[in-house]
Amino acid sequence: MKYSIFSLAANALTGHKKWTPAWRDAAPKASYDAIIVGGGGHGLATAYYLAKEHGLTNIAVVEKGWIGSGNAGRNTTIIRSNYMLQGNIPFYEWSMKLWEGLEQDLNYNAMVSQRGVMNLYHTDAQRDGYARRGNAMRMNGVDAELLDKEGVRKIAPFLNFDDARFPIQGGIIQRRGGTARHDAVVWGYARAASDRGVDIIQNCEVTGFLREGGAIVGVQTSRGEIRAKKVGLAVAGNTSRLSQMAGLRLPIESHVLQAFVSEAIKPLIPGVITFGAGHFYISQSDKGGLVFGGDLDGYNSYAQRGNLPTVEDVAEGGMALMPMIGRVRLLRHWGGIMDMSQDGSPIIDKTPIDGLYLNAGWCYGGFKATPASGWCFAHQIARDEPHKVAAAYRLDRFATGHLIDEKGQGAQPNLH
Amino acid sequence: MRIPCPFCGERDLHEFTPRGEVTGARPDPSAADAEAQFFTYVYLRDNPAGPNREHWYHGSACRRWLVVDRDTRTHEIIAVAFADPSIGGAA
Amino acid sequence: MAETWQATSAFAGVAAPAHLAGAGLTATVLDNLGLASVQARKGAGVALAAKVQAAYGLDLPQHPQRVAAGEVAFVGTGPGAWMAVSEAGPLGWADRLAADLSGLASVNDQSDGYAALRLEGPAVLDVLAKGVFLDLHDSVFPPGSAAGVVIAHIGAILWRREAQVFEVLVFRSYAASFWQWVEESAAEYGLAVAR
Amino acid sequence: MSRLATGGRVDRGAPVRFTFDGKAYTGFKGDTLAAALLANDVTLVGRSFKYHRPRGILTAGPEEPNALVELRTGARREPNTRATTIELYDGLEAASQNHIGSLKFDLMSVNSLFSPLFVGGFYYKTFMWPAALWEKLYEPVIRRAAGLGRAAGVPDPDTYDKAHAFCDVLVIGAGPAGLAAAKAAAKSGARVILAEDDFELGGRLLSERQTIDGAPAADWIRATEAELAACGVRVMLRTQIFGAYDGGVFGAVERVSDHLAAPGPHQPRQRMWKIVAKRTVLCAGAVERQLVFGGNDTPGVMLAGAVRTYLNRYGVAPGKRAAVFTAGDDGWKTAIDLAAAGVTLVAVVDPRTDVPAELVAAAQAAGARVMLGAVVSDARGGQALKRIDVTRADGEMTAFAVDLLAVSGGWNPQVALATHLGGKPTWSDEIHSFLPGKPPPGMSVAGAAAGAFALADCLAYGSLAGTEAAVGLGFKAAPFSTLVACPDTWASAPLWKVKSARTKAFVDQQHDVTDKDVILAAQEGYKSVEHLKRYTTLGMATDQGKTSNLNGHALMAEITGRSMTETGTTMSRPPHLPVAMGVLAGSHRGEHFRPMRKVAGHQWAADNGAVFVDAGQWKRPQWFNAPGETDWLVSVVREVKATRTAVGVCDVSTLGKIDVQGPDAAAFLDRLYINGFAKVAVGKCRYGLMLREDGLAYDDGTAARLAEDHFLVSTTTANAARVMQNMEYARQVLWPELDVQIVSVTEQWSQYAVAGPKSRELLERLFGGAVDVSDAALPYMGVTEGTFAGSPFRLFRLSFSGELAYELAVPARFGDAALKAIMAAGQGLGVTPYGTEALGVMRIEKGHVGGAELNGTTTATDLGLGRMQSKTKDYIGKVLSARPGLTDPERPAFVGFKPVAPGVRLRAGAHFVALGADGVAANDEGYMTSVAYSPTLGCWIGLGLLKRGPARIGERVRAYDPLRGEDIEVEVCAPVFVDPEGARLHG
């Protein structure tokens with residue numbers, strides 16, 4: 001049933017009794033052309049684009065819990081394409097382009113809100129780094145503006161310009177950046193994929209792979225065997241658990257990243273703001289909650305929760321940057337499990353194992369990548385070749401040294 | 001998280017710096033396949049959901065590198081030892 | 001020939017002496033401590049302990065403890081690592097250690113590397129509790145105990161001399177920031193400053 | 001006035017004045033704001049989130065969904081503050097929130113007219129066309145309508161504090177179970193902390209008319225409090241344990257001054273505690289369930305237990321004509337207490353038919369009409385309850401005129417803290433609610449939190465849990481006597497929704513989630529409780545669903561025909577109750593966000609016009625303003641010229657200094673640096689570069705050999721700590737067989753660069769012949785030690801500036817004196833102090849790599865240091881630096897740049913593009929890393945990384961900088977701009 005103000009009004013008159021399920025809760029069939037493991041944003045987007053762009057409709061998405069139960073449902077909802085390296089910018093900009101038309105494409109309001117993403121700098125070195133980044137963006141046709149202190153003040157007069165330990169010198173802003181309602185992205189892709197015939201199978205955990213002569217020809221699940229010509233993994237956070245079943249060791253560690261939301265208050269913060277002298281970034285949701293976060297806890301973890309040192313570090317950053325939030329109350333904090341790769345950039349590739357495809361290593365950049373990740377992974381699976389904007393995301397780049405390291409931290413995942 | 005440092009006793013998480021999974025001994029640089037061995041040593045991980053052997057640095061106290069066995073699902077600390085096998089005696 | 005250079009206190013212009021009757025905390029600036037890091041050479045632990053016993057008449061602590069004899073104390077800062085403290089002052093302290101322990105340990109003068117304070121008084125445990133994430137209860141951290149800790153983001157070496165007497169070392173450059181924490185934390189109990 | 005003539009725990013001798021929405025009222029000490037408002041007959045206190053419906057006071061505790069106010073004014077304004085927990089203080093100012101116009105006539109209440117449209121998740125279905133209107137129109141409207149209270153919007157004027165505490169046993173909650181547990185544990189010899197969120201001990205006992213050992217419970221509370229004090233229990237009132245974390249760590253907030261108009265001198269507003277407990281006994285009690293029927297959000301509808309709290313604890317009657325609607329025995333207590341307080345009891349309604357006879361008798365004796373097998377289908381009255389419609393099983397409807405309806409759907413154990421570490425709560429068909437399940441290691445749960453509601457059980461299980469906790473730690477159990485409590489019955493029947501409701505029935509009152517929203521979610525496939533929550537926002541309000549989740553989840557179970565165990569419940573997360581951001585940060589804000597590191601020469605620099613810059617936590621002089629100078633560039637040019645023509649002095653104390661000793665010291669350094677150190681002679685220094693094991697460069701510096709077995713390694717200021725950590729890793733993990741000891745001596749030494757053609761003369765004057773600083777005695781890259789002016793010193797012949805230069809190191813206590821002595825010795829030689837800017841200019845003129853080039857993505861070869869890489873030895877990073885991706889000749893490499901047109905300014909961050917090529921990514925050939933105005937060359941110069949750079953010397957490219965609208969033609973040149981043959985170093 002198409003969503004619009006008219007259908008909404010029409011249904012209101014009939015007591016909303018006519019609305020149908022947003023997606024079919026499918027049971028597994030014996031076999032599919034392709035199975036996507038992982039009913040998060042990336043997996044569902046992959047299935048949607050396989051159906052829409054590549055005409056493959058005999059597709060299943062298998063999810064061990066409820067769709068969106070992983071990082072898709074526990075991130076801080078930021079979308080941006082303000083990257084520095086050529087391996088990344090075209091990909092994230094393609095994602096931004098898809099965001100800009102997503103709701104009309106999916107006929108689902110994901111509340112894509114381009115209120116701007118601003119990163120602050122506090123030293124000349126940081127300014128030069130942002131200048132390099134901003135110029136790289138502009139040379140890729142991406143919007144970026146370098147701001148001086150007054151430029152920042154105009155946008156966010158409430159920041160600490162008075163007694164800061166590390167005074168704000170300026171910032172770089174991507175005005176097209178912003179936020180989107182994370183759950184709605186999951187539900188929108190699920191609904192649109194389901195409408196195109198994709199089977200979305202919840203509460204179906206993959207417990208192993210079906211092999212024939214080394215190649216992977218399907219999956220064993222908590223709901224029985226499902227065969228498929230191609231199996232794609234889109235289970236960021238748990239990639240190693242799955243790849244291990246296939247006998248594959250990866251350049252990935254799982255780490256916990258905490259996220260925070262405050263009580264709902266009237267509008268206080270315009271867009272997304274990122275502190276440059278501490279671990280803190282923040283935005284405000286349409287519901288009114290301040291949504292913020294900081295750095296990884298630093299230790300490997302599969303528990304979706306963190307510990308106090310990071311909570312305090314984030315609070316200190318927040319208070320140092322905007323002392324006006326002192327009496328605003330933290331409502332809830334939780335953790336997501338990040339697929340931290342060894343150079344801080346993702347992997348979209350076929351694996352050395354025939355029939356097995358990999359979409360992983362999203363670190364904490366996964367949400368913003370959702371549309372392009374699905375688009376490019378679908379391309380990789382359908383055409384057996386990388387999509388041009390994801391051409392750098394090869395699995396073998398670590399062995400060859402063609403790294404994509406935005407932060408220059410090298411092979412220590414918890415530093416990216 | 002509370003980590004029982006073999007020298008300092010049980011201490012809070014914030015005193016330690018985690019380095020991640022222990023990936024075995026540094027390979028022999030003169031080996032014929034040294035590059036492949038170093039690639040495995042530097043980049044590849046088991047990344048288990050369960051007991052994991054990790055290197056942690058107690059930088060703000062005894063400055064010792066520790067080998068910590070820890071469950072990545074529960075954060076339970078299973079065992080802690082000095083990374084330097086030549087350290088005896090103390091605690 | 002130039003005159004002798006004047007030494008400057010790590011707390012110069014920061015901790016001005018202030019006498020306060022009934023202060024909950026008294027902070028004494030220790031400008032004249034001789035400090036030296038001592039690290040045992042490989043396999044020299046036993047010989048080193050014997051040498052320290054012979055030269056300074058004390059049992060080299062193998063745990064985070066402070067063991068003193070007269071003006072000299074050794075504080076265990078890590079396995080095979082100590083901070084050797086002389087209340088006779090820094091002059092020649094590290095050289096004497098280096099000579100005494102030659103071949104058994106690596107010695108470095110740290111008398112200027114750290115700023116030292118004695119914190120004492122009825123409120124000392126309440127004040128320390130605000131910064132030290134460590135159980136300082138008598139049953140757990142009795143006099144003679146020592147520990148490396150972090151106080152208000154500043155690394156510190158802390159030891160307890162008596163029930164209400166602690167001494168703390170922080171890297172010299174942090175003196176002003178550390179003092180600011182002491183003042184702030186002790187304010188509600190009253191702070192007296194001595195030199 | 002609804003204040004009862006007698007009773008309650010408030011201090012009737014201490015009146016307290018306060019205002020609500022600007023109107024003045026009076027309450028008593030011991031009141032909460034809610035109690036005082038009710039005492040003043042104020043029952044309309046807020047507006048709901050979505051429909052802006054009038055709302056009153058539902059509860060008497062922190063679970064309150066409706067009575068949220070803006071407390072205090074100006075910079076201290078606190079939005080969404082629960083009136084039910086605010087302690088009344090003299091001069092308190094509170095205001096209702098989330099309405100346009102007055103609370104009584106809220107313009108936004110038109111929303112309720114559109115409520116047929118505003119069903120759960122409606123916004124996902126519309127506002128999509130045209131896309132551009134989202135940010136411009138739809139979203140701003142939605143954002144303004146959403147949210148509840150207004151934050152102050154200016155810096156919080158109060159301070160916050162932190163502290164740490166340790167104990168054997170932490171008891172959370174000081175109700176009957178908690179008091180008994182704390183007493184039992186302490187008497188057994190354990191160190192006990194008892195934390196209570198309220199400002200009084202006693203928990204539910206404060207709200208009930210119960211007896212213990214025949215005496216009023218209050219007596220027992222007082223006696224127990226004395227016993228706890230006697231055995232050293234640390235009792236923490238106004239302290240909320242907000243979260244359980246790994247290893248027995250608990251986060252807590254103590255509200256030190258929230259019960260005062262403003263904090264006293266040297267007092268924080270709140271203090272965060274980190275409590276480490278070996279064992280924990282959770283006695284957090286239970287929260288009463290509301291019932292879902294028409295108009296159940298009407299002001300005047302109140303939880304039955306809350307009614308008892310207002311009657312018995314505060315001496316306030318929340319109404320004059322009351323009825324009770326309960327699905328369990330406990331609700332009947334309210335009927336009895338209401339009658340006892342002299343409130344007219346109209347009816348008691350219970351869907352059950354088998355209710356204990358003594359309860360029925362008591363209610364009837366109180367003059368109430370008892371209606372069993374019946375429900376309240378609707379409560380009516382809008383802004384204040386006027387009438388309830390009671391429907392019997394046979395459908396017959398009776399209306400009662402009341403102004404108070406006490407409702408009870410049974411009680412939910414407060415299990416949150418037992419689930420923070422992932423333990424799933426388990427469903428109980430006996431109490432129709434969730435029990436703790438498997439709590440975190442070391443935690444036990446007792447009393448109502450464990451589903452044991454009867455007072456006798458709370459006391460008994462509390463004592464038991466306290467004893468077990470102590471015994472588990474090796475203490476000997478102290479005997480405890482069984483206490484005799486007044487009997488109470490707890491049977492209840494599940495009632496998730498009243499089917500005969502005609503008007504809106506709310507599941508989540510704060511978020512306006514109705515039973516119909518739950519049905520719609522199920523119908524649209526959002527059947528998981530997590531989908532239900534996220535689609536309808538059930539349980540996402542400031543109360544986190546404490547009074548709503550269970551009803552909502554049970555409704556979903558009913559609709560989908562699943563058991564409660566299959567359906568489950570949503571994960572509860574810390575904080576258990578919302579916590580102010582300020583207290584989580586403590587005092588680490590403003591200029592105290594992070595500590596500051598100052599060099600020994602800081603004061604001298606400040607006295608001499610230094611402008612400081614942050615280098616990590618260090619403050620370093622960036623340049624010195626000479627009298628009259630206002631333009632930084634003028635100062636920097638002066639400093640550079642003085643250094644290049646006379647002599648300059650720079651404080652380089654912040655560079656990392658690591659002392660390396662031991663028989664294997666040289667072998668150790670050989671494995672850390674790409675170049676060799678074994679052959680460095682004693683008394684000599686050598687420049688070295690370190691790689692990470694992945695083959696990329698990360699730090700450089702010099703190592704001086706002070707003795708065969710003794711080196712002093714210098715690092716960059718930025719990487720000092722990291723290099724130390726990596727060297728410890730190499731020493732302890734990689735090569736423990738090496739006999740080498742390392743320690744940081746960064747802080748021991750103050751170090752000054754004395755640079756320039758007249759530097760030797762200055763030092764000769766300084767030392768007055770006591771130290772030979774001639775080229776013969778101390779050649780380039782030499783080092784010597786000694787004692788001078790009563791201070792040890794180390795003198796290095798090092799040069800970063802490219803001039804004849806030395807670095808003098810003295811113990812930090814002499815740093816200030818030495819600096820003054822150096823400056824004095826330089827009088828007449830034109831000695832000039834210089835800062836990091838001039839230092840940077842000269843390093844760029846000399847083409848030394850700095851932080852902008854050592855950025856973690858460059859190889860030794862990229863930086864023009866490939867020649868240094870030893871072929872004969874192993875070192876960290878050697879093997880992987882040979883990977884094709886890192887040896888690709890196309891990689892951008894280190895070169896210098898000069899503008900073709902003189903006088904043009906260069907900027908770091910510009911990208912290189914071939915002449916005539918478009919400024920697009922495909923033509924990107926690298927970027928400018930560092931730039932400076934070179935006083936020596938009289939023009940701007942730059943360093944950068946350019947594809948095949950070294951092979952393109954003399955070629956011209958563009959420094960393209962669209963970000964700043966610049967596009968400058970530059971000539972590629974060798975990175976060394978000044979004295980390439982290094983003649984100045986020697987001499």
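Labels below follow one simple rule: chain letters A, B, ... track the order of the sequence lines, proteins then strands, and each chain is numbered from 1. Heavy-atom basis, side chains included; hydrogens, waters and symmetry copies ignored.
Between chain B and the options A:A303, A:S341, A:S243, heavy-atom pairs under 4.5 Å are most frequent for A:A303. Most heavy-atom pairs under 4.5 Å with chain B: of the set A:P413, A:G401, A:A399, this distinction falls to A:A399.
Considering every non-hydrogen atom in both A:P309 and B:L13, the closest pair reads CG-CD2, 3.9 Å. The two atoms that bring A:R241 and B:A49 nearest to each other are NE-CB, 3.4 Å, heavy atoms only.
Residue contact with chain A, scored on non-hydrogen atoms closer than 4.5 Å, involves the backbone and the side chain of B:D46 alike. Using a 4.5 Å cut-off between heavy atoms, B:E21 contacts chain A through both its backbone and its side chain. Only the side chain of B:R70 comes within less than 4.5 Å of a heavy atom in chain A; its backbone stays farther off. Within the 4.5 angstrom heavy-atom criterion, only backbone atoms of B:T74 (N, CA, C, O) approach chain A. With a 4.5 Å cut-off on non-hydrogen atoms, B:D71 does not touch chain A at all. Proximity to chain B (any heavy atom under 4.5 Å) is shown, for A:L248, by neither the backbone nor the side chain.
Here the CG-CZ distance, from A:N300 to B:R53, works out to 14.0 Å after rounding to the nearest 0.5 Å.
A side-chain donor-acceptor contact under 3.5 Å links A:N414 to the backbone of B:P18. Distance alone, capped at 3.5 Å, is enough to place a donor-acceptor pair between the B:N47 side chain and the A:S254 backbone.
Between B:V42 and A:Q342 there is no side-chain heavy-atom pair separated by less than 4.5 Å. Here the side chains of B:R45 and A:I252 are not in contact, with every heavy-atom distance at 4.5 Å or above.
Taking the six-membered ring where the residue is Trp, A:F398 and B:Y43 present tilted rings, their angle falling between 30° and 60°.
Under the side-chain contact (heavy atoms from CB on, under 4.5 Å) rule, A:S301 has a single partner from B:M1, B:H75, B:R73, which is B:H75.
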Q: Give the C-alpha distance, both sets of side-chain angles, the deciding distance and a yes or no for side-chain contact (heavy atoms from CB on, under 4.5 Å) between A:D313 and B:H14.
A: CA-CA 10 Å; A:D313 184 60; B:H14 76 280; over 6 Å; no

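In the displayed structure, A:Q244 atom CD is contacted under 6.0 Å by at most 12 heavy atoms of other residues, nucleotides or ligands.
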